[in-house]
Amino acid sequence: MLFSDCDRKGVRVADEDVTIRLTGDEALVLSHWVERLQMTDLRRTVDDPAVWAPIHRIAGTLDSALPELFASDYGDRLAAARERLRPED
């Protein structure tokens, strides 16, 4: 966060964008998880409706950034990404 992103009291300005950087593997695995989350009854899983809009926005951003989601070997790619991200025992 930059000082210019804050008001005089050091409080973050609400309208400023936040950038999150993920690896391709992280984005693919997160996208799949968010998609599964969206298919549930969000009211039962996420008790604060204020969180729903950011969840949908993240999902949309990931969908548009990941052409792998539409690849014929998506399942294999997802499995490989999960394997690479899992901590070693």
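Everything numeric here is computed off the predicted structure, so don't read it as measured data. The first residue of the sequence shown is numbered 1, and numbering continues consecutively from there.
Atoms CG and CD1, on Leu37 and Ile55 in that order, are 5.0 Å from each other to the nearest 0.5 Å. Taken from CZ in Arg86 to CG in Asp25, the straight-line distance is 11.5 Å, to the nearest 0.5 Å.
Leu62 is not listed as a side-chain neighbour of Leu28, based on a closest heavy-atom distance of 4.5 Å or more. Side-chain contact between Val34 and Leu30 is present, with at least one heavy-atom pair separated by less than 4.5 Å. Looking only at side-chain heavy atoms (C-beta outward), Asp48 and Val51 come within less than 4.5 Å of each other.
Exactly one residue among Leu66, Leu78, Leu22 makes a side-chain contact (heavy atoms from CB on, under 4.5 Å) with Ser31. That residue is Leu66.
Few gaps surround CG on Asp41; more than 12 heavy atoms of other groups in view lie less than 6.0 Å from it. The neighbour count for Trp33 CH2, taken as heavy atoms of other residues, nucleotides or ligands under 6.0 Å away, does not exceed 12.
Distance alone, capped at 3.5 Å, places no donor-acceptor pair between the Glu83 side chain and the Ala80 backbone.
Nearest heavy-atom pair across Glu68 and Tyr74 is O-CD1, 3.4 Å.
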